[in-house]
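Here the structure is laid out as C-alpha cells; the discussion comes afterwards.
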Amino acid sequence: MIGGLFIYNHKGEVLISRVYRDDIGYVAQRSFMVTSCIKPATLFNVNLFVCRRNAVDAFRVNVIHARQQVRSPVTNIARTSFFHVKRSNIWLAAVTKQNVNAAMVFEFLYKMCDVMTAYFGKISEENIKNNFVLIYELLDEILDFGYPQNSETGALKTFITQQGIKGQTKEEQSQITSQVTGQIGWRREGIKYRRNELFLDVLESVNLLMSPQGQVLSAHVSGRVVMKSYLSGMPECKFGMNDKIVIDKQGKGGDLYAFCCSGKQSIAIDDCTFHQCVRLSKFDSERSISFIPPDGEYELMRYRTTKDIILPFRVIPLVREVGRTKLEVKVVIKSNFKPSLLAQKIEVRIPTPLNTSGVQVICMKGKAKYKASENAIVWKIKRMAGMKESQISAEIELLPTNDKKKWARPPISMNFEVPFAPSGLKVRYLKVFESKLNYSDHDVIKWVRYIGRSGIYETRC
Amino acid sequence: MTDSKYFTTNKKGEIFELKAELNNEKKEKRKEAVKKVIAAMTVGKDVSSLFPDVVNCMQTDNLELKKLVYLYLMNYAKNQPDMAIMAVNSFVKDCEDPNPLIRALAVRTMGCIRVDKITEYLCEPLRKCLKDEDPYVRKTAAVCVAKLHDINAQMVEDQGFLDSLRDLIADSNPMVVANAVAALSEISESHPNSNLLDLNPQNINKLLTALNECTEWGQIFILDCLSNYNPKDEREAQSICERVTPRLSHANSAVVLSAVKVLMKFLELLPKDSDYYNTLLKKLSPPLVTLLSGEPEVQYVALRNINLIVQKRPEILKQEIKVFFVKYNDPIYVKLEKLDIMIRLASQANIAQVLAELKEYATEVDVDFVRKAVRAIGRCAIKVEQSAERCVSTLLDLIQTKVNYVVQEAIVVIRDIFRKYPNKYESIIATLCENLDSLDEPDARAAMIWIVGEYAERIDNADELLESFLEGFHDESTQVQLTLLTAIVKLFLKKPSETQELVQQVLSLATQDSDNPDLRDRGYIYWRLLSTDPVTAKEVVLSEKPLISEETDLIEPTLLDELICHIGSLASVYHKPPNAFVEGSHGIHRKHLPVQHSSIDTGESPVSSGPAANIEQTHVIPSQGDLLGDLLNLDLGPRSTCPRCPPLTVLIACNSVLLLQVWLPAVKAKGLEISGTFTRRQGQMYMDMTFTNKALQHMTDFAVQFNKNSFGVIPTSPLPVHTPLMPNQNIELSLPLNTIGPVMKMDPLNNLQVAVKNNIDVFYFSVLIPLNIFFVEDGKMERQVFLATWKDIPNENELQYQIKECHLNADTVSGKLQNSNIYTIAKRNVEGQDMLYQSLKLTNGIWILAELRIQPGNPNYTVLYSNFATETCVKV
C-alpha cells in the first residue's frame, strides 16, 4: 500500500510529508540526522536514515529537477516507486515499496486534489502552506496505513473542519460515523431546502482527427452528465436518456415516447461509467440509472460514443509550398448544424513553420493574428450560425535554412462551443422520489442544458 | 489569519521560544505553538527536543489540537521510545471516550507509533475496538491489526487478532468488511501458505454482497482479494463473473481494472465455446477503451495493462485499433505505449491505416518516439506479409529525409525485413549504401555491415565498403566488430579470389590485436574453419538461416500469465514480477492463472493452456547479442566435441576423468543451465548433473524423462530436487540409472534424448552417453573362451581403428582400461609391438573383444575390435 505522501513545490521543496509506512523515506527526520551525528552511539541509525532520506531526495533529483521531459508518471528509484501527478506547479507524490494497485494510487491522488480543491480552492503553494494543518488532518482521515478510506468531500466536511467540533451530541456523532462508513457515504441525512431544485448539464467534448482529404480517421464524443442537486431528504432519483438499448427494448413494449424516437433519434453508447452513487448492478441487469444523489455538484456519469456523431465544423485546409521561402495557406471552415443555433468562441489554430519570418493574413470573418511565440496563426470568431462558411488565407514567408529536417506540419486544431450535444444524447427524464418528505417529482424544478465543446479537434494538413 | 506564517519563522532561539509557548497557560497559544512545531517538522527542522512539552498538550478536549499532537507523536515516538510511554495513558483513555471519532483516532494513531513498548499496551484497547458498536471504530481497528502485525507478527497471532479480523468479514457494515479484507490480504502475503483468508464459497458470497455497497476503495480491496480465489468449477466462476461485471461501469479506473483482473483470471475456467465466454469477452473491450479517456497517468497504467491483455487475449481489442492512435498532445509516455499496442494489434485488415499513422509519427519531434515509429513500420512488414512492400517503400521514403536517426533506425529494421523475406527487396541495397557515411550508431552500423556481408555477391564494391569499416576496427563497438568479422568471412567465401587479403587482415585484427575474448574466439573459429576445410566453412557460414517471424519482444508466456494475475498493480506497470522490485517476504509468492479442471493436460503443464501455448510457438528475433549463438547453436544435436571418436580414445586420451559438459545452455532453457556427466560407481550407473538457475525467478517442480534409447536407459528414481531453485543458485545431483527400459536404436548409438521439465517449461536436449559406463564389472572373459570366440568372429564384424597421439606404455594402458571394466586377457610381444587382448561386456550382455597393438615410440595405437553383434560393432 501507499507508504507515504509528499507534496513538493516547483523547486522540489517539501511542503507536506506524511509517512504511513516505515519502509520508505522520512522527510521529517532530516533533522534527526543532525542530532544523532552528535551522538556516536546511534551511528547505525544514521546510516539507516541516510538511505531513507535518499529515497525522497531522489525524487526531487530524478523527477522534479530532471532535465528531460518526464518519461513516466511512475518512477522506480532505489527499489522505491514514486507515483506523481502535477497540478499547476505543485507535485503530489505517493511513495511505496510494495506491489500496490497502481491505478488506485493515481485515482487516490486525483481524489486528494479534488478534496483539497473543495476545501480551499486552487492547489497552489500558498494555499497549501496556508492550510497545512487541515491537509494533515485530511491525510490522516482519508489514508490509513496507506489504505484509502472514505474520501467524499460531502462526508468529510461534516467532521473535518478547522473550527473544531465542539458540543456534538451523541446522535450527531453517530450520524457522522454512520455516514462515513455507511452505504450512502456521499450524502448526509437531514438536508433541507425550501426550494427543491436540480440542474443537469450535459457536457460533451467532441474529438476528431481528419485527414487532409476530409476522411474521418477517428472521431468520438466523450460526454459527462454533471448534476447540481439541491434536494431535501434522501431522494431516490431515476435518470433516463435516449439510449438505443433502452429505447429498442421499450419500443417493443409499447412505450409511446420510446416508439416515437426509436430508430433515428436514439444513440448507441459505447460505454459509460457512473458515480459511485449509481446502483451498478441495476444498470447491468435493467440498464436503468437509479441513485441517491450527493448534495451539490457532482459528476453523475461519463460516456463515450463513436457512431453518428454530429461534427459541428468541417475544416478544409490547403497548404501550398511556393519555392523554398514561401508558403500559401488557405483554410475554409463550414458549420454543420441547424441555422438557428449559434456556435461560440470559435478559434482556429494554423501552425506555422519555425523559420517563419512574416505572415500576411486575410480573413472574411473574425480576427486573425500571427503569434510568433506560439508558431501559429490564430483565427478567432466570436459567433457563427449553423450552415455557414468562412475562409482565411495567409501567405507565410520563410527564412531560408539549411536544416535538413522537414517541417512536421502539425495538424490544424479548432476550438468551439455549441449549444447542443454532438453525440445526439437527449435527457428523457429525471424523476425524483422522496417518500418520507412531502414533495413530489412535480414540485422539483429541473434545468437541463447541453453544451458541446471541442476536445481535440484536428485536421491534418 | 493564515497558517503559512508558521513556515517563515526562522529565528535563532526558536526552539526555546516554542518551548515557552507550548507551556503557555492559554489553550489558543498552545495550539498555535503546536502548529509551529508541525510546520518546522514538515520543512525538516529538528523539533524532537520538544517532545515532553508537546506530549503535555495531549490532554485536551480540542480535537484539532489532539490530532496535531498525535501527528507529532507518530513522527518522533520512535526516536524517543521512553518518552513515548508517557503518551500511552492518554491513548488508553481516549480509546474509552464516548465520542467514536476520538476512539477511532486513538486506536489509529497508536498503531502508527512503532515502539515495541507501546504495542503491549495497544492489545487491550484494540481488542475492544474490534468489537466496538460503532462501525467507524471497527473499520479503523481492522486496519490497526495490519499495523500491529507489521510491528510484531507473533503478538498478533498469539492474541487471536487474526480470528477477530476474520469475523469482521461477516460484519454488517460494508466498509468494515472491506478494511478487514485489505488487512487480511496484506497479512496473508507474508504467510503465503497459511490459508488466512479462508476463501470459501460462503465468504466469497459475503464479499460479493459487500462489493455492491462499499466505497470505491473498498471495492478495489475486495476485487483484488477475489482475484486470488480459485473457483471450484466453471459454474462458480461464471456466477462470480456475473456479479463482478457491473463494476466495469464504475467511474474509478482502479475498480474497473481490478474487475478486469478478476474476469481475465476466471475466463481461464470457462469453456471456450460457451455463449457466456464470448459475451464476457465482448463486455471487456468498451471499459478498457474508456480508460483511455481518463487523465494521462491513469491512461498510462491502463495502456501498460492493455499491452498485457492484448498479448494474452488479442481478440478483445482487435477491432479497437483506432483508439490507440496517438494524439498530438498526448504525453510522451502515453504515446510510446500506444505505439506498442498499435503494433500488436496490426493485422491485414487495418494495416493501411496503421501505416499511414506510423508514417505521420515518423515526422514528429521527440526522438525516442520517432525511432519507435520507424521500428514499428519494420515490425508491421514482418508481421503482415501483404504489407511488406508498402512498409519497405515507406521506409525508403523516410531514408530520403536524411534525418540521421531516422535513417539509422530504418536500416536496422530493414535488416530484419531481409531476414524475414530473403531475396525479395535486395534492389534497395543501393539506396542503403548511399547512407553509409551517416551511420554513427553501433546498431545501425552493424545492421548495414550484415546486409553487405549477406548480399556480398550482389554488391559490386562490397569489399571496398567493408574495407572502409575496417580502418577504425578497434574503435568500433564489439557488436560491430563481430558483425564485421562475420561479414568479411562471408564475403571471402563468396568471392575468394579478390578478398583473401581482406579476410586475413580482419582475422589478424580479431585474433591478435583484440582484447575481447569473444572476438578472438570467433576469429579463431573462422580461421581454423577456413584453413582446414573451406567446404565445411561454406556450409557453416553460408548455411540457410532460419527465417525470423512474427512477434518480437513478446513477454514470455509464464511471466505473462503471472502478470495477468497482477493487473492494475505496479507489477503490471513495470511488466516485472513483484519479487523483482519488492523487498522482503512480500510478493515472493508467485501467482498462477487458474487451470480449467476438465482439461486433460493439466498434469503436464500447469500454466500454459490454450492461447499461451500458441504464443510459445512463435519464434522470436534473437537480440543483437545472440549473433554468436546463431552460429554455434546449430541444432539440438549432441554437444560432444568429437562425436565420431570411439569411447576408448576418449578414455585413454582424457585420462578417464570426465569433466562436466554443458548439456543445456541457459539461453535455450529460459535460464536453466544443465551440465553433467555419466559415471559408473559400484556397479551402478549415474547421471551426475548440476542444475543452475540463471533466470530471475525461482524454479520448482523439476522432473526428467528419457526417450527410448539403444541401451534401454531409464532413471530409477525421480529427480532428487525438492526445494525451489533460487536465481543464481545451483544444485548438484546424481540420478541413478538402469537399463531395463524400452529399447530403440538411436543414431549415433549412444545418443540419449532427455526432457527436463520445471515450472516454466519443458526443455529437450540430447547427450552422448560415453559407452564405458555400460561396461559391466564381470566383463573378464576366460582365456580359453576368448581364444575360441576371437577365432569365430566373422571378418565383417571386425573393425580397425587407430588411436593417435597417446604416449602411454602397455601396462599403464591396461591399468587404465581395467578401471573402466575393460579387462586385459592376454598380452604378448610380437615384432617389438605390445599386443593387448581385451574383453568387455555391455549391460545388454554383448561381449566385445579387442586387440590393442602398441608400438613403443610410436604414439599411434591400432585397435581391432570384434564382436558378434554387427550393430554395436559398427559403432564401437
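Only this structure's heavy atoms are used, side chains among them; waters, hydrogens and symmetry mates stay out. Order of the sequence lines sets the chain letters (A, B, ...), proteins ahead of strands, with each chain counted from 1.
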Of all heavy-atom pairs linking Ala103(A) and Ser253(B), the shortest is CB-OG, 4.3 Å
Residue pair Pro286(B) / Arg304(A): nearest heavy atoms and the distance that separates them: O-NH2, 3.0 Å
Contact part of Thr96(A) toward chain B, heavy-atom cut-off under 4.5 Å: side chain, backbone, both or neither? side chain
Is it the backbone or the side chain of Pro98(B) that comes under 4.5 Å from a heavy atom of chain A, or both, or neither? backbone
N-O pairing of Lys67(B) and Glu141(A) below 4.0 Å: no
Turns out that what part of Asp366(B) lies under 4.5 Å from chain A's heavy atoms comes down to side chain
Could you tell me whether a side-chain N or O of Arg79(A) sits under 3.5 Å from a main-chain N or O of Ala580(B), the two making a donor and an acceptor? yes
Checking heavy atoms, do the side chain of Ile38(B), its backbone, both or neither come under 4.5 Å from chain A? both
Closest contact, heavy atoms only, Gly568(B) versus Asn101(A): O-OD1, 3.1 Å
For Arg460(A), is there an ion pair with Glu357(B) - N to carboxylate O distance below 4.0 angstrom? yes
When the 4.5 angstrom heavy-atom criterion is applied to Arg138(B) and chain A, the contacting part is neither
Could you look at Phe283(A) and say if it's the side chain, the backbone, both or neither that has a heavy atom under 4.5 Å from chain B? side chain
Expected output: side-chain Asn99(A) to main-chain Ala571(B) donor-acceptor under 3.5 Å: yes
How long is the gap from CD on Glu216(B) to CD on Glu152(A), to the nearest 0.5 Å? 6.0 Å
Which bit of Phe221(B) comes within less than 4.5 Å of chain A, counting heavy atoms only: side chain, backbone, both or neither? side chain
Quick one, Asp284(A) and Glu242(B) - any side-chain contact, counting heavy atoms below 4.5 Å? no
Hey, could you give me the CG/CZ distance between Asp150(B) and Phe145(A), rounded to the nearest 0.5 Å? 4.5 Å
Find the distance between CZ (Phe106(A)) and CD (Gln299(B)) and round it off to the nearest 0.5 Å. 12.0 Å
Look at atom NZ of Lys66(B) and say whether more than 12 heavy atoms of other residues, nucleotides or ligands are closer to it than 6.0 Å. yes
Please state whether the side chain, the backbone, both or neither of His220(A) comes within less than 4.5 Å of a heavy atom of chain B. side chain
Counting only non-hydrogen atoms closer than 4.5 Å, does Leu109(A) touch chain B with its backbone (N, CA, C, O), its side chain (CB onward), both, or neither? neither
With distance as the sole test, does Trp217(B) use its side chain to make a donor-acceptor pair with the main-chain N or O of Gln149(A) at under 3.5 Å? yes
Could you measure the distance from the OH atom of Tyr303(A) to the OG atom of Ser249(B)? Nearest 0.5 Å is fine. 15.5 Å
Here the pair of heavy atoms bringing Glu107(A) nearest to Asn252(B) is CG-OD1, 3.1 Å
Contacting region of Val289(B) [heavy-atom separation from chain A under 4.5 Å]: both
Do the non-hydrogen side-chain atoms of Glu213(B) and Arg279(A) ever get within less than 4.5 Å of each other? no
Proximity breakdown for Val298(B) and chain A, heavy-atom pairs closer than 4.5 Å: both
Side chain from CB out, backbone as N, CA, C, O: work out which of these in Pro148(A) comes under 4.5 Å of a heavy atom of chain B, or both, or neither. both
Is Lys283(B) salt-bridged to Asp271(A), cutoff N-O under 4.0 Å? no
Which heavy atom in Cys214(B) sits nearest to a heavy atom in Gln276(A), and how many Å separate them? O-OE1, 4.4 Å
Does some side-chain heavy atom of Tyr136(A) sit less than 4.5 Å from a side-chain heavy atom of Tyr70(B)? no
Less than 4.5 Å apart, side chain to side chain, heavy atoms only: is that true for Arg71(A) and Ile332(B)? yes
Ion pair check, Arg87(A) and Glu295(B), cut-off under 4.0 Å: yes
Presence of salt bridge, Asp144(A) and Lys139(B), under 4.0 angstrom: no
Asn212(B) versus chain A, the contacting section by heavy-atom distance below 4.5 Å: side chain
Rounded to the nearest 0.5 Å, how far apart are CG of Leu570(B) and CD of Gln98(A)? 10.0 Å
Mind ranking Val74(A), Asp270(A), Asp140(A) by heavy-atom pairs under 4.5 Å with chain B and telling me who comes out on top? Asp140(A)
Counting heavy-atom pairs under 4.5 Å to chain A, which of Lys322(B), Arg247(B), Glu297(B), Arg243(B) comes out on top? Glu297(B)
Could you tell me which portion of Thr140(B) (side chain, backbone, both or neither) has an atom closer than 4.5 angstrom to a non-hydrogen atom of chain A? both
Sort Leu105(B) into side chain, backbone, both or neither according to what part of it lies under 4.5 angstrom from a heavy atom of chain A. side chain
NE2 of His250(B) to OG1 of Thr273(A): how many Å apart, nearest 0.5 Å? 9.0 Å
Write down the atom of Tyr574(B), the atom of Ser81(A), and the distance for their closest heavy-atom approach. OH-OG, 2.6 Å
Looking at Arg18(A), Met1(A), Glu13(A), which makes the most heavy-atom pairs under 4.5 Å with chain B? Arg18(A)
Student check: side-chain heavy atoms of Arg409(A) and Thr363(B) closer than 4.5 Å: no
Most heavy-atom pairs under 4.5 angstrom with chain B, which of Trp186(A), Tyr20(A), Phe83(A), Tyr147(A)? Tyr147(A)
Under a 4.5 Å cut-off applied to non-hydrogen side-chain atoms, are Lys97(A) and Phe581(B) in contact? no
Which bit of Lys147(B) comes within less than 4.5 Å of chain A, counting heavy atoms only: side chain, backbone, both or neither? both
Let me know if Asn179(B) has heavy atoms under 4.5 Å from chain A in its side chain, its backbone, both or neither. side chain
